[in-house]
Q: 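For reference, the structure I am asking about is given below.
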Amino acid sequence: MSAAPPGSFRIGSIGGVDVFVRASWLVIAALIAYLMAPAIEQVEPGLGALKYVAGVAFAVLLYLSVLLHEMSHALTARHFGLPVRSITLQFLGGMTEIEGEPHSPGQEFTVAVVGPLTSLAVGGAAWSALLLGPSGLVEMAIYGLAVSNLVVGVLNLVPGLPLDGGRVLRAGVWKATGNMHRGTIVAAWGGRVAAVLVLLWPFFAGNLLGYQVDVFDYAVACVIAVFLWSGAGASLVSARVRRRLPSLRARPLARRAVSVTEGTSVAEAVRQTQDAEAGGIVVVDRAGRPVGIVSEAALAQVPVDRRPWMLVQAVARTVEEGLVLPADIVGEDLVLAMSRHPASEYALVEDDGSLYGILSTLDVDRAFEAGARK
């Protein structure tokens with residue numbers, strides 16, 4: 001189970017993917033209920049305070065369609081073997097947290113486009129339902145669901161990050177140039193252009209097209225523009241970071257390690273390490289498999305006069321899942337593996353399971369910072 005993001009609460013799990021709702025959604029639900037109250041009163045007079053309940057019910061229905069949109073992203077990503085951490089419903093829709101990147105432009109395109117297509121399908125189905133002749137609040141809810149999903153589907157295809165259309169554009173540039181990071185940069189600038197156009201839309205609509213706009217329209221435009229601009233900026237930063245990731249290779253960064261068995265004293269383990277001019281100590285079982293990694297911090301706190309009497313496992317961290325990594329792991333796979341199981345040291349092993357060395361988180365951080373300065 002994923003930890004709830006700050007300001008969120010978990011409402012359940014679908015297909016093994018945790019679903020969270022941000023507290024900001026409560027504000028949107030209240031706003032939708034308030035804005036829809038006059039229309040609901042007109043359709044069903046005499047409801048009184050229940051008109052606000054009906055408005056909240058429509059907000060729930062609307063966000064259920066948003067959940068379908070996000071679930072389509074999640075299930076498609078999992079189909080391609082990409083881990084999905086969670087789905088979060090929030091102020092301006094939803095967000096699917098997918099670990100890692102698609103392995104090809106085709107996967108990127110498919111994961112991105114399936115969301116808007118789902119919204120368009122929901123909108124089309126709701127529009128078709130209107131042909132059955134519903135009336136009253138049911139007709140109003142179906143009509144609102146149809147229009148909102150059709151609008152969401154179309155707007156999400158705008159070619160700019162963080163919208164789905166930006167990921168579609170990134171897939172296209174990636175396919176054309178063979179460079180995923182270049183695709184990200186192009187799509188992020190597309191998002192910034194979209195932000196500026198959204199900000200200018202109320203002025204354009206009011207002064208050139210003759211639509212009646214008010215302060216609320218400008219406020220909504222500002223909120224959406226800030227969302228697009230900040231999302232595009234985050235994508236640009238991410239592109240710069242990910243461009244440096246391929247230079248991170250575990251094998252060249254590894255420290256030579258000495259293998260000792262359980263029952264070895266700390267003093268003897270240190271002596272063997274100094275003789276071998278190694279940079280780490282790994283405790284292994286009788287089969288030679290790593291079972292513990294000696295912590296540099298813990299070792300430094302042991303007085304020299306106590307080391308002959310202390311067993312090495314007393315200053316070793318038990319090797320748990322995620323603390324043993326392939327010696328040839330590189331780039332984003334390395335960063336993701338370390339983020340899933342944070343530790344100060346990791347044991348690197350060859351394909352046959354034999355120990356290669358120790359990977360220090362500090363060394364990885366230094367290598368990344370050195371790459372950033374180039």
Side-chain angles (χ1 to χ4, degrees), residues 8-9 11-12 14 19-72 87-95 115-158 163-164 198 201-207 209-225 227:
S8 304
F9 54 92
I11 61 172
I14 301 178
V19 180
F20 300 98
V21 175
R22 286 195 181 276
S24 61
W25 178 84
L26 300 176
V27 178
I28 287 295
L31 182 61
I32 291 175
Y34 175 77
L35 294 176
M36 291 192 63
I40 293 173
E41 182 69 26
Q42 186 176 4
V43 173
E44 294 286 347
L47 283 179
L50 290 178
K51 61 188 176 185
Y52 297 107
V53 177
V56 171
F58 176 73
V60 172
L61 182 63
L62 175 61
Y63 271 78
L64 285 176
S65 66
V66 173
L67 181 58
L68 286 177
H69 177 116
E70 298 302 328
M71 278 304 305
S72 66
I87 292 173
T88 303
L89 302 179
Q90 54 190 355
F91 183 67
L92 288 176
M95 177 186 68
L117 291 182
T118 298
S119 293
L120 292 174
V122 172
W127 196 271
S128 299
L130 292 173
L131 301 178
L132 300 177
S135 59
L137 288 180
V138 175
E139 179 184 15
M140 183 179 178
I142 293 176
Y143 178 79
L145 190 65
V147 172
S148 60
N149 275 275
L150 292 173
V151 169
V152 166
V154 171
L155 291 183
N156 262 280
L157 289 174
V158 171
L163 300 174
D164 294 329
V198 167
W201 170 250
F203 176 83
F204 177 78
N207 293 275
L209 299 181
Y211 290 112
Q212 186 176 359
V213 297
D214 54 26
V215 175
F216 179 77
D217 296 309
Y218 282 99
V220 171
C222 286
V223 170
I224 296 176
F227 166 75

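Positions are given from 1 along the sequence. All of these numbers come straight from a predicted model, not from anything done at the bench. For the numbers below, each heavy atom of this structure counts, side chains included, while hydrogens, waters and symmetry mates do not.
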Q: For the atom pair CG (L31) and CG (L26), what is the distance rounded to the nearest 0.5 Å?
A: 12.5 Å
Q: How about M140 and M36: do any of their side-chain heavy atoms sit closer than 4.5 Å?
A: yes
Q: Nearest 0.5 angstrom please: L64 CG to L89 CG, how far?
A: 8.5 Å
Q: Taking all non-hydrogen atoms of both residues, which atom of I40 and which atom of G55 are closest, and how far apart?
A: CD1-N, 3.7 Å
Q: Using every non-hydrogen atom in the two residues, find where I32 and A59 come nearest and quote the distance to one decimal.
A: CD1-CB, 3.9 Å
Q: State whether the number of non-hydrogen atoms from other residues, nucleotides or ligands found under 6.0 Å of Y218 atom OH is greater than 12.
A: yes
Q: How far apart are the closest heavy atoms of L61 and A141, and which atoms are they?
A: CD2-CB, 4.4 Å
Q: Return the minimal non-hydrogen interatomic distance between G94 and V66, and the atom names on each side.
A: N-CG1, 3.8 Å
Q: What is the distance from atom CG of L67 to atom CG of L62, rounded to the nearest 0.5 Å?
A: 11.5 Å
Q: Enumerate, atom names and distances included, each donor-acceptor pair closer than 3.5 Å involving a side-chain atom of residues 119-130, sequence neighbours excluded.
A:
residue	atom	partner	partner atom	Å
S119	OG	H69	ND1	2.7
S128	OG	G124	O	2.9

Q: Any side-chain heavy atom of L163 within less than 4.5 Å of one from L155?
A: no
Q: With side chains defined as the heavy atoms from C-beta onward, is the minimum distance between Y63 and I28 less than 4.5 Å?
A: yes
Q: Could you note down all residue pairs passing side chain to side chain donor-acceptor pair (under 3.5 Å) where residues 149-158 supplies at least one of them, sequence neighbours left out?
A: S65-N149
Q: Any side-chain heavy-atom pair from L132 and I142 closer than 4.5 angstrom?
A: no
Q: Is there a side-chain contact between W25 and V60 in this structure, where contact means two heavy atoms from C-beta onward sitting under 4.5 Å apart?
A: yes
Q: Is any side-chain heavy atom of V223 closer than 4.5 Å to a side-chain heavy atom of V220?
A: no
Q: Over all heavy atoms of both residues, which pair between A33 and Y52 is shortest? Give the atoms and the distance, please.
A: CB-O, 3.5 Å
Q: Would you give the length of the straight line joining atom CD1 of I87 to atom CD of E70, rounded to the nearest 0.5 angstrom?
A: 6.0 Å
